[in-house]
Amino acid sequence: MGGLQKKKYERGSATNYITRNKARKKLQLSLADFRRLCILKGIYPHEPKHKKKVNKGSTAPRTFYLLKDIRFLLHEPIVRKFREYKVFVRKLRKAYGKAEWTGVERLRDNKPGYKLDHIIKERYPTFIDALRDIDDALSMCFLFSTFARTGKCHVQTITLCRRLTVEWMNYVVASRSLQKVFISIKGIYYQADVLGQLITWLVPYQFAHDHPTDVDYRVMATFTEMYTTLFGFINFRLYQTLNLVYPPKVTQHLKLSALSASLARVVATAEEEENQLDQFPADGEQKEQEDQNRLFEGLKFFLNREVPRESLAFILRCFGAEVSWDKSLCIGGTYDVTDETITHQIVDRPDIDKQYINRYYIQPQWVFDSVNAKMCLPVEDYFLGVTLPPHLSPFVEEKDGDYVPPEKLKLMALQRGEKHEEEEEEDEDEDDDDDEEEDNDEEDEDLTEEKNLKKMEDQRSQGKVRLEQEEKAEEKRLAIMMMKKKEKYLYDKIMFGKKRTTREVSPPDSTTA
Amino acid sequence: MTKASATKLPRGMPTVTLESQKNGTMSKAKVKSAKKRVAEDDNDQLPIFDKDVTEKAGEEGDEDLSDSEESVFSGLEDSGSDIDDEEEDDGDDEDEDYDADVILDENLKNSSGVETSAEPAASDKSTPKQQDGKSASKERRKMKKGKGVAIDGRGEKGLTTTFQGLATAQQGDEYEHDTSDEEDIRNTVGNVPMEWYQDYPHIGYNLDGKKIFKPIRNKDELDEFLDKMENPDYWRTVHDKTTASDIRLTDEQVDLVHRLQKGQFGDVNFNEYEPSVDFFTNEVMIHPVTNRPQDKRSFIPSLIEKEKVSKLVHAIKMGWIKPRKPKETTPQYYDLWAKEDPNAILGRHKMHVPAPKMRLPGHEESYNPPPEYLLTEEERLVWEQQDAEDRKLPFLPQKHSCLRAVPAFSRFIHERFERCLDLYLCPRQRKMRVNVNPEDLIPKLPKPKDLQPFPTTMSLVYRGHTSLVRSISASPTGQWLVSGSDDFTVRFWEVNTGRCMKTLEVGGAVKSVAWNPNPAVCLVAVCFESTVLLLNPSLGDRLVVSSTDQLITSYEPPEEDKEQAVTWALSEGPEHNKGHRLTLTHPKAVKQVVWHGKGDYLSSVMPDNSSNLQVLIHQVSKRRTQNPFRKSKGLVQCVSFHPLRPYFFVATQRYVRIYNLIKQELTKKLMTNCKWISSMAIHPGGDNLICGSYDCRLAWFDLDLSTKPYKMLRHHKKALRGVAFHRNYPLFASGADDGSVIVCHGMVYNDLLQNPLIVPVKVLKGHQITHDLGVLDVTFHPTQPWVFSSGADATIRLFT
């Protein structure tokens, strides 16, 4: 035939992919460094369409990266820093071995470091891109900020995470952008609308962590390294949009870090700064949004010592309430329990000894439910010692046919403006209707024959209908017979899924009914 | 009380005193000349063994003892003087001058020997006296002597000898520092075997080169014996080969030998457990080791350093050197996106797939969920037993009465970590969700209502058979139905009433029946075992019946009788009355009979994989049989004639072959994609074919279109047993083991471009399933849209 024989796997998809090990060798990096680089640069593996072709005929399970991605990594200046660091470690070890303490000190002073600014800029060319991707960063930083200052990661990282998260909460309070909150068994979810982006994050409960052994903290630390950089730049930009000084002044910041558990100081500084901000009035916001933001405005809250202070203070401040707590608990409390102007006291215990008459004693769930309902809910359900109504997730949006818990229906009715009592009345009405029907039956005994006739007719018509239905069903069955194999398979699958969902939904229905 | 070690030391001792001492102790006879004596005494120290101890006098023994005492330190012993003494004592005058000579020589040499012996002694005593404090040490020596450390009683002679020797040593100064440790060589032959001198009177040469002669009389064995017996010192007598003399060991020497044997030190006086005294003390002394004054430069500031310091100071002043900045640990943030450059958006950003966000929590994750979201006890057990991947929820929903009671979530870090892993390890792909309405997947078919007529209900059941009905066939007029069963009977039914008109017993289970399709002929072919029977049921029009009989009887056998595969036999007598007309006896069991459309030809199938005699075609009018195939192409399942053209269809297990009977060639081979064909029917138009198979499929072939099935229907749940086309209506039916007959509308258009329309219109059920068999055969009424089905439950059913 002429011409050279075409060699296999030298063109096409086989040349577009590279296995992880080959990529690692090409970059001359250890696996740990390669992993770090991938995390920092946001490179992830790709699944080729024809795995066997790419794998050169082998079916062994391999991780493939795009060759383009690896080429892109080749030009990364950080790779050199990795190598420098490796050399540094080697030198340091040597100096230690020789007990050259001055040498160790000198080496430590010249420890090579790197910055991730350019990577952040490269990965997120616009601010909105970065903001869109901040969910994970937030959750991670909030987690790291709760770590104890021993082992697991550097203390600097923990303090930095703490600082950044406090700054973030500060911003959310200042911008009044909190939308939804949810107490889950994992922690507390928050959702904020920041510059049009819905950002959700999860904050664990304030307990000491039982550090698992099967978790690679190096991976987490690398992610955190990247996230703190990203987060810091985002905070800077966000503060800038509100015309706030970033970072908050050094003295305040010192206080901040010293009173790291106290949000109040932070909030206070924010408010101070907000006063400056008043010169730049923001306009064009929607009324509803405004209303929601002023949900707790004018209310004065006092937090009892057993409620999670930070989260509640954060939420309440976000909606314009005044918050305080016992001075002995934490610095930042602005007024005392004895203050007569307090409207709500949040308590999480079955009973309290000394009660003031002119304030509500409510459980913390009220705050969360009210925020989610975008209205102040009636406080009766949340009094001390009362069995709380279920706490629903604000993130669920039911579609047609999905199961809606009855509590949600009630809430929706409330939001529509109907009062709780009315709903009850409606229920009664329904009952009345049933009663009426029964009454009719009793009253009109003479008309029974006619009714029977009618029934017969009905039955006939029903029979017809049934016949029609049967015919239709048979038609359908016959048509299904004629389906192609592929379509039949898909159809069966869909129908199976549908049946399963109906099966799952039905038990709660039965319980509620 | 001399000590051998002292020999070397008393250098400054005046000779006179020595002399005087000597005079007092020594016997006059011995003193020949001072010089000579000195030489002798010197000699004393060197040789190892005393010579000829046996001849020694008691007095001399004392001397000897003193001598040997010296040698204790040296490890060597000399007995030169003894020899002389003995000789002199014995009065061996002849040897005298020679002796003197020897002694002189020895004297010369001995000084070195003295040296040698002295040194180890000195070191043993561990007294540093070699250089300076010789006198002092000598004094000490004397003290020791005074104490009488020496073991044996020793004469003054020994002492004097020693001192003499010392004096001599002083004279022969050049040997003083001779450290040679050579043995005293009296015989200069060296280390050669003494046997070489066996034949000579001498055994070597002395230092002067004179011969040393052997003793005149060698000891023989008797002497030896006598010696042994008599000499009390025999045990301490040693023979010296080099001088060929016997030496008696002194007590000291014996003692030395004993001590050495025990591994002790040679020196008796050496105390090996003496407290050790360090050369240098480990204590730091207040005074310096050297008393050297300090250098001047240690007081004067260094100029070079001054220069260096001034340079550094200058550099600091000038601001060239700056102190190291404290490292910044806190990262610096700035407005990274100050100028958002649209060019900075790389191409790869368009390809980038952002990571999907975490799923938002539902009601079940709440700390206080609605009660319906909590798992029941069974669900909880199921949840606990499931693998982590199979669980629908990664956590157990829990209800807490108040916020205070909510514990930490134990898997929080795990979940964050898993998210991290997902972010950097998971391949990302944009996946289009199949958002299909399942109703859209169902093909849009014309409604069965619009495709009427077709059989819808079961209207008649023909009962009478006692075993499964394998085959049925309707008469061309549609008035009669014939059925063959496993109960060895063939029954004729009236279609409209369900009445059994006739029952014929045949000699075996009826495999197949076929009514002649020619309305002018009333013949039914029945096959059982290896026989094909042609019956005239005598039903219907008499004219037709009689003409059929005539047709059969009018046969004239041909002139030349050809050998045929089957034997044709005309029935007569009672069998004729029963309706039997012709009997075709086949060589093998027959499974199927099929009529050609015109009713003259008949084909029978004898399935047998190994031979080519599987299909036979018979011509009834000529009673002729032919085997159309020379070769077997597999197990033949069924055959069929083309309704219009001279084609012949043969279905083997997987293929249907179409032969042109006139051209005698294979026209087509249809791939059915079935595992095992059970039945086959041909559309009356002749261009379409359906095949039923045991693997629940029904294949529709459009012969003009392809050799592959145009449509494959899998609507039966079990193996298909029979298929049939209606002669006039666009209907076909299939019966299967699931007991149902499915009637389909199969419209074939005259327009070649339009594909046939196939719509299932009705599922007819009625037959009971017996022995896993349902419907065995289906056939259509020739004129009405009715379908007959025969089943394993021994009934035949009519659906109208």
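Each chain gets a letter, A, B and so on, in the order its sequence line appears, and its residues count up from 1.
Contact count against chain A (heavy-atom pairs under 4.5 Å) is highest for B/Leu403 among B/Leu425, B/Leu403, B/Leu445. Per-residue heavy-atom pair counts under 4.5 Å with chain B were compared for A/Arg20, A/Lys68, A/His46, A/Met140, and the maximum is reached by A/Met140. Looking only at heavy-atom pairs under 4.5 Å with chain B, the residue among A/Gln206, A/Gln365, A/Glu407 that has the most is A/Gln365. Each of B/Lys762, B/His715, B/Arg428, B/Met351 has some count of heavy-atom pairs under 4.5 Å with chain A, and the biggest count is that of B/Arg428. Contact count against chain A (heavy-atom pairs under 4.5 Å) is highest for B/Leu336 among B/Val406, B/Leu336, B/Ile758, B/Val353. Contact count against chain A (heavy-atom pairs under 4.5 Å) is highest for B/Pro361 among B/Pro361, B/Pro354, B/Cys402. For chain A, the option among B/Glu364, B/His414, B/Gln429 with the highest count of heavy-atom pairs below 4.5 Å is B/His414. For the set A/Leu490, A/Asp133, A/Thr159, the entry with the most heavy-atom pairs within less than 4.5 Å of chain B is A/Leu490. Between chain B and the residues A/Asp214, A/Thr200, A/Val307, the largest count of heavy-atom pairs under 4.5 Å involves A/Asp214. Residue with the most contacts toward chain B among A/Thr222, A/Leu202, A/Thr387, A/Asp210: A/Leu202 (heavy-atom pairs, distance under 4.5 Å). The candidate from B/Leu713, B/Ile442, B/Val761 with the greatest count of non-hydrogen atom pairs under 4.5 Å with chain A is B/Ile442.
Within the 4.5 angstrom heavy-atom criterion, no atom of A/Tyr382 approaches chain B. With a 4.5 Å cut-off on non-hydrogen atoms, A/Asp348 touches chain B through its backbone and its side chain both. Of the two parts of B/Glu415, only the side chain, counted from C-beta on, holds a non-hydrogen atom closer than 4.5 Å to a non-hydrogen atom of chain A. Interface residue A/Pro405: backbone and side-chain heavy atoms are both found under 4.5 Å from chain B. At a 4.5 Å heavy-atom cutoff, the contact between A/Phe182 and chain B is made by side-chain atoms alone. Only the side chain of A/Ile494 comes within contact range of chain B, with heavy atoms under 4.5 Å apart. Neither the backbone nor the side chain of A/Lys488 has a heavy atom closer than 4.5 Å to any heavy atom of chain B. Of the two parts of A/Leu116, neither the backbone nor the side chain holds a non-hydrogen atom closer than 4.5 Å to a non-hydrogen atom of chain B. Proximity to chain B (any heavy atom under 4.5 Å) is restricted, for A/Glu474, to the side chain, taken from C-beta onward. Contact of A/Tyr124 with chain B is made through backbone and side chain together, with heavy-atom distances under 4.5 Å. For a residue to count as touching a neighbouring chain, one of its non-hydrogen atoms must lie under 4.5 Å from one of that chain's; by this rule A/Pro389 touches chain B with the backbone only. Residue B/Ile742 touches chain A through its side chain alone, counting heavy-atom pairs closer than 4.5 Å. In this structure, the portions of A/Ile43 lying under 4.5 Å from any heavy atom of chain B include both its backbone and its side chain. Only the side chain of A/Glu398 has a heavy atom closer than 4.5 Å to any heavy atom of chain B. Heavy-atom distances place both the backbone and the side chain of A/Tyr491 under 4.5 Å from chain B. Neither the backbone nor the side chain of A/Asn235 comes within contact range of chain B, judged by heavy atoms closer than 4.5 Å.
Taking the six-membered ring where the residue is Trp, B/Tyr334 and A/Phe233 present perpendicular rings, their angle passing 60° and hence far from 30°.
Note that OG1 of A/Thr224 is 8.0 Å distant from CZ of A/Phe147, once rounded to the nearest 0.5 Å. Within the model, atoms CD1 of B/Ile690 and CG of B/Leu720 stand 9.0 Å from one another, a figure rounded to the nearest 0.5 Å. Once rounded to the nearest 0.5 Å, the distance linking CD1 of A/Ile183 with CG of B/Asn368 reads 8.5 Å.
A salt bridge links A/Arg35 with A/Asp216: at least one charged nitrogen is closer than 4.0 Å to a carboxylate oxygen.
Aromatic ring centres of B/Tyr333 and A/Phe236: separated by at least 6.0 Å. With ring centers used as reference points, B/Phe454 lies 6.0 Å or more from B/His745.
A donor-acceptor pair is defined here as one N or O able to donate and one able to accept, closer than 3.5 Å; no such pair exists between the side chain of B/Asp387 and the backbone of B/Glu389. Side-chain atoms of A/Thr229 come within 3.5 Å of backbone atoms of A/Glu225 as a donor-acceptor pair (strictly under, hydrogens ignored).
With 3.5 Å as the limit, one finds no donor-acceptor pair spanning the side chains of A/Tyr44 and A/Asp69. Under the 3.5 Å distance criterion, with hydrogens and angles disregarded, a donor-acceptor pair is assigned to the side chains of A/Glu306 and A/Asn304. B/Glu365 and A/Tyr189 are linked by a side-chain donor-acceptor pair at a separation below 3.5 angstrom, with hydrogens and angles left out of the test. Remark: the A/Ser139 side chain and the A/Asp136 side chain contain no N/O donor-acceptor pair separated by less than 3.5 Å.
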Notebook entry, point to check: Could you walk me through whether A/Leu388 and A/Gln363 pass the side-chain contact (heavy atoms from CB on, under 4.5 Å) check?
Noted result: CA-CA 8 Å; A/Leu388 290 167; A/Gln363 299 198 35; 3.3 Å; yes
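For the pairing with B/Glu439, the salt bridge (charged side-chain N to carboxylate O under 4.0 Å, His left out) check across A/Lys472, A/Lys498, A/Lys476 returns one residue only, A/Lys476.
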